[in-house]
2 protein chains.
Amino acid sequence: MSPNQTDVTTAGVAQVFAALGDANRLSLLARLCDGESHSITQLTQGTGISRQGVSKHLTVMERARVVSKERVGRETRYALQPGTLQQARTYLDRASEQWDDALLRLRSFLEI
Amino acid sequence: MSPNQTDVTTAGVAQVFAALGDANRLSLLARLCDGESHSITQLTQGTGISRQGVSKHLTVMERARVVSKERVGRETRYALQPGTLQQARTYLDRASEQWDDALLRLRSFLEI
DNA sequence: TTGAAAAGCAACCAGGAGGTTGCGTATATG
DNA sequence: CATATACGCAACCTCCTGGTTGCTTTTCAA
């Protein structure tokens, strides 16, 4: 209920991965990786879908805290929220560690 | 159409992330991180859902190549397919690199 | 002040996700 | 052979997703 950077719940990480689990959203995310903030109509350019469609995708990523929203004048600008992606990375890193260890144990068991 | 380790399409990675985008599936995956293969009924233990439910989740992860399936006698055993998780890690790493660079450029622009 | 740009809100739709139950089928085992 | 185990298949249900369109509201600028 109070998801900060240190508290990484399974449900929280799952929500982040779900937010990344769409090709359109990954494309949007790639464009946000320049570190700057972009308006919705700006982000709609190049995608084959409508502005409302893009807006929905951005909302999904915002709920998962992958991006952040900011109202500037008459436009809503979205920016990458890097900490959340970092969480996802850390999660995968830990998983990799685990099976790396398992593999190592398996190897030493077989070869020695 | 021929997704090997080097060819990482956006749609492919999106499918992997989508496969990770569910709390039940993440729990199953965590148990597969011991590097060994487990049967479906074995994996059903501890989850609050039915065997068919678990089977569906495993099928989703298998389609995304996150896990692999193998028939052994009368049971179907699933195991982690580590390469695919590695792909997802690499994707996030590249994204992080990008915005790290962007942040660096921004800093040097502001402070010098 | 009048108009255009940017976005929000709401309704709608097709399809898929997540889950269940019931029943059939292969495979060990007594 | 008989029976229990492990699983697959199929139908079904509810709810969310991804996408659209239409209309309203806010904000900037001529």
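Note on naming: letters A, B, ... go to the chains in the order of the sequence lines (proteins, then strands), and numbering restarts at 1 for each one.
- Rounded to whole Å, the distance from CD1 on A/Ile49 to C1' on D/dT21 is 15 Å.
- No continuous path of hydrophobic side-chain contacts links A/Ile49 to A/Val60 [ILVMFWY only; heavy atoms under 4.5 Å].
- If you take CG of B/Leu20 and P of C/dA17, they are 15 Å apart, rounded to a whole angstrom.
- Put simply, the side chain of A/Arg51 and the base of C/dA7 share a donor and an acceptor less than 3.5 Å apart.
- Side-chain nitrogen and oxygen atoms of B/His57 include none within less than 4.0 Å of the OP1 or OP2 phosphate oxygen of C/dA17.
- Nearest heavy atom pair, residue B/Leu58 against residue B/Val67, reads O-CG2, 3.9 Å.
- Side-chain contact between B/Cys33 and B/Leu80 is present, with heavy atoms from C-beta onward closer than 4.5 Å.
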(message) Dot-bracket, 5' to 3', for DNA chain C please: Watson-Crick or G-U pairs under 3.5 Å, [ ] where pairs cross earlier ones, | where the partner sits on another strand, dots elsewhere.
(response) ||||||||||||||||||||||||||||||
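- Between C/dT21 and B/Ser50, no contact under 4.0 Å exists linking OP1 or OP2 to a side-chain N or O.
- Side-chain contact between A/Val16 and A/Tyr91 is absent, with no heavy-atom pair separated by less than 4.5 Å.
- Between A/Leu28 and A/Met61 the shortest side-chain heavy-atom distance falls below 4.5 Å.
- When the P atom of C/dA6 is taken as reference, atom NE2 of A/His38 falls 16 Å away, rounded to whole Å.
- In terms of position along DNA chain D, the nucleotide closest to A/Arg63 lies nearer the 5' end than the nucleotide closest to the other residue of the pair A/Gln52 and A/Arg63.
- Counting non-hydrogen atoms under 4.0 angstrom, B/Gly53 reaches a base of the nucleic acid.
- Between A/Gln15 and A/Arg63 the shortest side-chain heavy-atom distance falls below 4.5 Å.
- Scanning atom types as modelled, no donor and acceptor separated by under 3.5 angstrom connect the side chain of A/Arg25 and the base of D/dG18.
- Within the structure, a side-chain polar atom (N or O) of A/Thr76 is placed less than 4.0 Å from OP1 or OP2 of C/dG8.
- Atom-to-atom, CG of B/Leu43 to P of D/dA6 comes out at 13 Å; the value is rounded to the nearest Å.
- Pairing each heavy atom of B/Ser68 with each of B/Gln81, the nearest pair is CB-OE1, 3.7 Å.
- Side chains of B/Ser27 and B/Thr47 form no contact here, defined as non-hydrogen atoms less than 4.5 Å apart.
- Residue B/Lys56 places its side chain closer to D/dA11 than to any other of D/dA11, C/dG8, D/dG18.
- Contact annotation for A/Thr41: backbone-only contact, meaning every heavy-atom pair under 4.0 Å involves sugar-phosphate atoms and none involves a base.
- The CD atom of A/Glu62 sits 14 Å away from the C1' atom of C/dA7 (whole-angstrom rounding).
- Along DNA chain D, the nucleotide closest to A/Asp22 and the one closest to A/Arg71 are compared, and the more 5′ of them pairs with A/Asp22.
- Computed from coordinates, the A/Glu75 CD to C/dG8 C1' distance equals 15 Å when rounded to whole Å.
- Between the CD1 atom of A/Ile40 and the C1' atom of C/dA6 there is a distance of 8 Å, rounded to whole Å.
- Applying the 4.0 Å criterion to OP1 and OP2 of D/dG19, one finds that A/Asn24 has a side-chain N or O inside that range.
- Going from atom NZ of A/Lys69 over to atom P of C/dA7 covers 11 Å, rounded to whole Å.
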